[in-house]
Amino acid sequence: VQLQASGGGSVQAGGSLMLSCAASGRTFSEIAMGWFRQAPGKEREFVAAISWGGGSTYYTDSVRGRFTISRDNAKNMVYLQMNSLKLEDTAVYYCAAALTLGHVVKVNIDSWGRGTQVTVSS
């Protein structure tokens, strides 16, 4: 599956952004999706995952309650709504596809999209 993320940008702390990821090349409704991020000088880390049907989600502790992952299988899209953004959320964000939500969380990824930059300033 081919993935293309978009929606990044610059925002002040406390603000919101929504990232989008468009998928093509495979039956989207049969794959789990996730978001990862990589800050300068740090390793890529898991952010959020959603099951193929959208009924199950999972978040890393640092974003739980602030970020929401969702998907629209009719449009082959997955989203990451980011609220109450903090300086430490600054990173390049990547969408990813995997067989199951568990595979996403364990970083057993089948496809990565190109990243989109999110910059949070004070």
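Keep in mind it's a predicted model, so treat the numbers as computed, not measured. Both backbone and side-chain heavy atoms feed into the values below; hydrogens, waters and symmetry mates do not.
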Report the distance from atom [atom1] of [X] to atom [atom2] of [Y], rounding to the nearest 0.5 Å.
{"X": "T100", "Y": "N108", "atom1": "OG1", "atom2": "CG", "result": "8.0 Å"}
{"X": "Q12", "Y": "S122", "atom1": "CD", "atom2": "OG", "result": "8.0 Å"}
{"X": "S70", "Y": "M77", "atom1": "OG", "atom2": "CE", "result": "9.5 Å"}
{"X": "M82", "Y": "R37", "atom1": "CE", "atom2": "CZ", "result": "9.0 Å"}

Any [X] side-chain heavy atom under 4.5 Å of [Y] side chain:
{"X": "L19", "Y": "S6", "answer": "no"}
{"X": "Q38", "Y": "E45", "answer": "no"}
{"X": "Q2", "Y": "S111", "answer": "no"}

Please report the closest heavy-atom contact between [X] and [Y], naming both atoms and the distance.
{"X": "V92", "Y": "G115", "result": "CG1-CA, 3.6 Å"}
{"X": "S20", "Y": "W35", "result": "O-CH2, 3.6 Å"}
{"X": "S29", "Y": "R71", "result": "CA-NH2, 4.2 Å"}
{"X": "S84", "Y": "R66", "result": "O-NH1, 2.9 Å"}
{"X": "S121", "Y": "L87", "result": "C-CD2, 3.6 Å"}
{"X": "A5", "Y": "C95", "result": "CB-SG, 4.0 Å"}

For this session: Check the pair Y79, T68 against side chain to side chain contact (heavy atoms under 4.5 Å, CB included), reporting the backbone distance first and the verdict last.
Result: CA-CA 8 Å; Y79 307 98; T68 302; over 6 Å; no
Exercise. Would the number of heavy atoms belonging to other residues, nucleotides or ligands and lying under 6.0 Å from CZ of R64 be above 12?
Worked result: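 More than 12 within 6.0 Å, yes.
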Exercise. More than 12 foreign heavy atoms under 6.0 Å from CD of E88: is that the case here?
Worked result: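 Enclosed: over 12 neighbouring heavy atoms sit under 6.0 Å from CD of E88.
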For this session: For L3 and M33, run side chain to side chain contact (heavy atoms under 4.5 Å, CB included): C-alpha distance rounded to whole Å, both residues' side-chain angles, the deciding distance at 0.1 Å, then the answer.
Result: CA-CA 10 Å; L3 304 173; M33 296 293 297; 3.8 Å; yes
Does [X] share a hydrophobic cluster with [Y], counting links as ILVMFWY side-chain heavy atoms below 4.5 Å and allowing steps through other members?
{"X": "L80", "Y": "I109", "answer": "no"}
{"X": "V78", "Y": "L101", "answer": "no"}
{"X": "V104", "Y": "F28", "answer": "no"}
{"X": "V1", "Y": "I50", "answer": "yes"}
{"X": "W112", "Y": "F46", "answer": "yes"}

Problem set entry | Lys/Arg-Asp/Glu bridge criterion (N-O < 4.0 Å) met for K86, D89 |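 Here K86 does not pair with D89 in a salt bridge, since their nearest N and O are not under 4.0 Å apart.
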For this session: Please name all residues satisfying salt bridge (Lys or Arg N to Asp or Glu O under 4.0 Å) with E30, sequence neighbours left out, ordered by chain then number.
Result: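 E30 satisfies salt bridge (Lys or Arg N to Asp or Glu O under 4.0 Å) with no residue once adjacent residues are dropped.
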For this session: Could you walk me through whether Q81 and S16 pass the side chain to side chain contact (heavy atoms under 4.5 Å, CB included) test, one step at a time?
Result: CA-CA 7 Å; Q81 176 66 46; S16 298; 3.9 Å; yes
Check: residues 52-59 side-chain donor-acceptor pairs under 3.5 Å, at least two apart:
| residue | atom | partner | partner atom | Å |
| --- | --- | --- | --- | --- |
| Y59 | OH | I69 | N | 2.9 |

Exercise. Is NZ or CZ of R44 both nearer than 6.0 Å to the six-membered ring centre of Y94 and within 45° of the ring axis?
Worked result: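 Cation-pi check for R44 and Y94: passes.
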For this session: Please work out which of the three classes, parallel, tilted or perpendicular, describes the rings of F67 and Y93, given edges at 30° and 60°.
Result: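 Geometry flag for F67 against Y93: tilted rings.
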For this session: Evaluate the side chain to side chain contact (heavy atoms under 4.5 Å, CB included) criterion for residues I31 and D110: first the C-alpha distance (whole Å), next the side-chain angles of each, then the deciding distance (0.1 Å), finally the verdict.
Result: CA-CA 10 Å; I31 55 176; D110 292 327; 5.8 Å; no
